[in-house]
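Presented below is the structure to which this report refers.
From a predicted model like this one, the values you see are computed outputs, not experimental measurements. Just follow the structure's listing: the first ligand is 1, and inside any ligand the first atom is 1. Residue indices begin at 1 and follow the sequence shown.
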Amino acid sequence: MPSPVYFGSARQARLEANESLPAKLDLIIDRLNLRDRVKNETVAIKMHTGNNLGYSTVHPVFARKVVQAVKDGGGKPFVTDISWDVRGAEARGYSTETFGCPVFPTAGPDEKYFYAHPRPFKNIREWKMAGLIQDTTFMINFAHVKGHPSCGFGAAFKNLALGCMIGETRGAMHDAMHFDRYWFAEHCPDAATRQRIAASCPHAAIVEDRDQPGEMHLHFEQCNQCGRCLQVAPPGSLKIDPVNFHSFQEACAISVEQVLSTFAPGKTTHLSLATHMTPVCDCFGFTSMPILPDAGVFGSDDIVAIDRAVLDVTGRMQLIEENLPTSLEVHTRQGHPFRWLHGPYKDPYLVTEYGAQLGLGSCEYELIDVLPVEQIERAPIGYIPAR
Ligand code: SF4
């Protein structure tokens, strides 16, 4: 049976507050029966609070709606994110005063509070999950949708996969992309050729390894798989191979499997806000121009279904190419617009497919618009008199 995904479109029929996104989030909270589910629960609201000068993460107006719903239902809410992002979050408008509840780092101020979950995957032996997340009885995963240089896009999966692990595991997940060999030094003993390979990349994505002479290091985040380097590299010396790129997305799915396994059935739900979608992650510490039109707000108990729905809705939108930074190039026009930017091996749908294989949810969903604009009667623009 398809999983329900509730959706509030960014479009309005009339210029009225009750058709705006925070009001539609309220309708989604109702449809998820959130208030009835949180009585006496300690509720972690996992957000990405951004970093440095970012201002496109989930606005406190939305988070406050969720906090209030939890309080109305008799739950004890707190907002949480990794310590790196929580530190200084008040500069971006995130504080106890704006949320109406405390803001805590997921694993303590120095990320020393965690539980280890053994689960071998490539270079990773165990997953060090943030203690505060594991200790709570209910979790609301509230993600901001954006592009991501490692996996194409970040939303519900990404918010938990990286945001509920400590730094050591987050680093290991990125390192998983290097696990399968891609450089074969025996086929390229010549230093001048290695320099030509590095020079062929317009994104500085392949460089000589600083610590290991003769080795080349691929920065997977910067690589859009254009293949220019392969035209310079001697046969057999270099692979630009899907297996490396896909490792990160599989690691994200496994990480989420570990996180969700600590909650009883029905004790997690997911919200995603698809507005001001930038090319890269909120952890970059700044906000660039949006590259897609605002889509809206989504909610579901099914993490696979919500990310699928977000991708399907945003995938039908037009990439705003004039808003792209000049350092990014569109070199494929197949699939989702995030894939156009980050390359064909960073297909954003992959994480949902790995997640479905792990039994975390369903790729089949029913999108339920909580306030379809077509059903709203048109009316003149409202007038707010000066007082
Ligand atoms: S495939 Fe393109 S982006 Fe990637 S390392 Fe080679 S030249 Fe650079």
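Using cut-offs of 30° and 60° for the angle between ring planes, the H174 and F248 rings count as tilted.
Centroid-to-centroid, the aromatic rings of H178 and F220 come within less than 6.0 Å.
There is no side-chain donor-acceptor pair under 3.5 Å between Y365 and D307. Looking only at atom types and distance, the side chain of N141 has a donor-acceptor partner in the side chain of H270 under 3.5 Å away.
One N or O on the side chain of K71 and one on the backbone of G100 form a donor-acceptor pair closer than 3.5 Å.
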Using side-chain hydrogen bond (donor to acceptor under 3.5 Å, both in side chains), reason through Y94 and T57 one step at a time and then give a plain yes or no. CA-CA 10 Å; Y94 298 143; T57 45; 2.6 Å; yes

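Around atom 4 (Fe) of ligand 1, protein N, O or S atoms at a distance under 2.8 Å total 1; waters are neither shown nor counted.
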